[in-house]
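Here's the structure, in structure tokens; my notes come after.
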Amino acid sequence: MAMPTELAEIARDVAGLPPAPEVLQIEVGLLQNFCEILFCPDTRAAAIVDPAWEADRLLRECEARGLRVTHALITHTHEDHIEGVDELVRRTGAVVVVSPREAEALAGAGGARIDAIDRLDIAIGRRGVRALDTPGHTVGGTCYLADGYVITGDVLFVGGCGRTDFPGGDTAEMWSSLQRLMALPEETRIYPGHDYGATPT
Ligand SMILES: [Zn+2]
């Protein structure tokens, strides 16, 4: 594999990013999980990142803002990140975006599926995000990069990185994934999968 930190590689990650969706960060459940609602202010289309624990509350937050959920974006398939996918799909018909290397874990959830392959651009109304393949915490760990921020799941937290000792974890891959994230523009805001740091972002 080519070193992900090569300049040409970094440039490809950030070049031509679509305009960023607006973000709502919501803490759910008892494990300090963060979900994000990403939305297009013009069309009111929305994506929910890692719907879990309080799907009903997430949907109410969307409803209160007149948002229509079109996608579920999955950073990885540990239960505390996907526990609400079923309900979300059932109630909204959202398309599930997940790494093909972890899609198996969501075989039971209905609805359409999109493979979150590296650098795939996903439209959320007139805004959008780009999938970045970032394994290490899990085999198919995926970050979602927008113009100005990145959603990192359990790859990167505020002040630390995710564990690599669960099944599918790999320390060398985690290192490469972190190098890749580190190469993003300095001002990039991190939205992690858990509220483990001194600040939420
Ligand atoms: Zn995890």
Side-chain angles (χ1 to χ4, degrees), residues 17-99 102 106 109-114 116 120-132 134 141-158 162 181 184 188-197 199-201:
L17 277 169
E22 297 196 15
V23 197
L24 286 167
Q25 185 187 48
I26 297 171
E27 189 167 334
V28 294
L30 300 173
L31 298 171
Q32 297 164 286
N33 279 83
F34 275 136
C35 292
E36 282 80 28
I37 298 172
L38 309 181
F39 67 95
C40 169
D42 308 325
T43 65
R44 310 311 285 177
I48 299 185
V49 181
D50 290 354
W53 303 120
E54 301 177 53
D56 192 57
R57 176 175 154 218
L58 294 169
L59 286 171
R60 273 187 281 117
E61 296 281 357
C62 289
E63 216 171 287
R65 293 170 175 82
L67 303 177
R68 180 177 42 88
V69 181
T70 57
H71 295 82
L73 307 180
I74 309 302
T75 64
H76 68 297
T77 57
H78 283 159
E79 191 61 20
D80 58 321
H81 294 259
I82 59 165
E83 181 275 341
V85 172
D86 258 342
E87 184 177 350
L88 185 76
V89 168
R90 197 160 16 87
R91 290 177 57 181
T92 65
V95 174
V96 179
V97 183
V98 62
S99 165
E102 294 192 29
L106 286 166
R113 213 56 55 83
I114 290 176
L120 176 76
D121 281 343
I122 302 131
I124 301 163
R126 295 189 195 118
R127 311 287 179 103
V129 295
R130 179 169 296 167
L132 297 183
T134 48
T142 304
C143 292
Y144 295 95
L145 176 67
D147 191 2
Y149 64 85
V150 61
I151 292 174
T152 55
D154 290 359
V155 175
L156 179 63
F157 302 122
V158 172
L181 294 175
L184 293 173
T188 307
R189 181 182 292 269
I190 306 295
Y191 284 89
H194 291 267
D195 188 10
Y196 289 164
T199 57
T201 63

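Computed from heavy atoms alone, side chains included, the values below leave out hydrogens, waters and symmetry copies. Worth saying up front: this structure is predicted, and the values here are computed from it rather than measured.
For the residue pair His76 / Asp154, a side-chain donor-acceptor distance below 3.5 Å is found, with atom types taken as modelled.
When the options Thr75, Thr152, Ile190 are evaluated for a side chain to side chain contact (heavy atoms under 4.5 Å, CB included) with Cys143, the one that passes is Thr152. For the pairing with Val150, the side chain to side chain contact (heavy atoms under 4.5 Å, CB included) check across Leu184, Thr134, Val129, Leu156 returns one residue only, Leu184.
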With side chain to side chain contact (heavy atoms under 4.5 Å, CB included) as the criterion, how do His81 and His194 come out once you've worked through the C-alpha distance, each side chain's angles and the decisive distance to 0.1 Å? CA-CA 10 Å; His81 294 259; His194 291 267; 3.3 Å; yes
Take Ile114 and Ile122 through the side chain to side chain contact (heavy atoms under 4.5 Å, CB included) test and state the conclusion after the steps. CA-CA 9 Å; Ile114 290 176; Ile122 302 131; 5.5 Å; no
Could you give me the CA-CA distance, side-chain angles and deciding distance for Arg65 and Ile37, then say whether side chain to side chain contact (heavy atoms under 4.5 Å, CB included) is met? CA-CA 11 Å; Arg65 293 170 175 82; Ile37 298 172; 5.7 Å; no
Could you go through Asp50 and Asn33, starting from their C-alpha distance and side-chain angles, then the distance that decides it, and tell me whether this counts as side chain to side chain contact (heavy atoms under 4.5 Å, CB included)? CA-CA 9 Å; Asp50 290 354; Asn33 279 83; over 6 Å; no
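Scored by the salt bridge (charged side-chain N to carboxylate O under 4.0 Å, His left out) test, Arg68 finds no partners at all (sequence neighbours excluded). Residues satisfying the salt bridge (charged side-chain N to carboxylate O under 4.0 Å, His left out) criterion with Arg91, sequence neighbours excluded, are Asp56, Glu87.
Taking CG of Leu30 as the reference point, atom CD of Gln32 lies at 9.5 Å (rounded to 0.5 Å). If you take CG on Leu132 and CG on Leu120, they are separated by 10.5 Å, rounding to the nearest 0.5 Å. Separating the OG1 atom in Thr188 from the CG atom in Leu181 is a distance of 9.5 Å, to the nearest 0.5 Å. Going from atom CG of Leu17 over to atom CG of Asp121 covers 7.0 Å, rounded to the nearest 0.5 Å.
For CZ of Arg189, the number of neighbouring non-hydrogen atoms (other residues, nucleotides, ligands) closer than 6.0 Å is 12 at most.
When every heavy atom of Pro18 is checked against every heavy atom of Arg130, the shortest pair comes out as CD-NH2, 4.4 Å. Across Pro21 and Ala146, no two heavy atoms sit closer than the pair CD-CB, 4.2 Å. A pairwise comparison of heavy atoms in Gly125 and Cys40 identifies CA-CB, 3.9 Å as the closest pair. Contact between Ala52 and Val28 at its shortest, heavy atoms only, is O-CG2, 3.6 Å. Shown here for Pro200 and Pro192, the closest heavy-atom pair between the two residues is O-CD, 3.3 Å. The shortest non-hydrogen separation linking Ala116 to Ser99 is CB-N, 3.8 Å.
Side-chain atoms of Pro51 and Val69, non-hydrogen and from C-beta on, never get closer than 4.5 Å to each other. You'll find the side chain of Ile74 stays beyond 4.5 Å of the side chain of Thr142, heavy atoms only. Thr201 has its side chain out of reach of Tyr149: every pair of non-hydrogen atoms, C-beta onward, lies at least 4.5 Å apart. Using a 4.5 Å heavy-atom threshold, the side chains of Arg113 and Val98 count as touching. Residues Leu88 and Ile48 are in side-chain contact: their nearest non-hydrogen atoms beyond the backbone lie under 4.5 Å apart. A heavy-atom distance below 4.5 Å is not found between the side chains of Glu54 and Glu27.
Side-chain N or O atoms of Glu36 include none that pairs as donor or acceptor with a backbone N or O of Ile151 at under 3.5 Å. Checking side-chain atoms of Arg127 against main-chain N and O of Pro41 turns up no donor-acceptor pair under 3.5 Å. Of the possible polar contacts, one joining the Glu83 side chain to the Trp53 backbone as a donor-acceptor pair under 3.5 Å is found.
Residues Tyr191 and Phe34 keep their aromatic ring centres 6.0 Å or farther apart.
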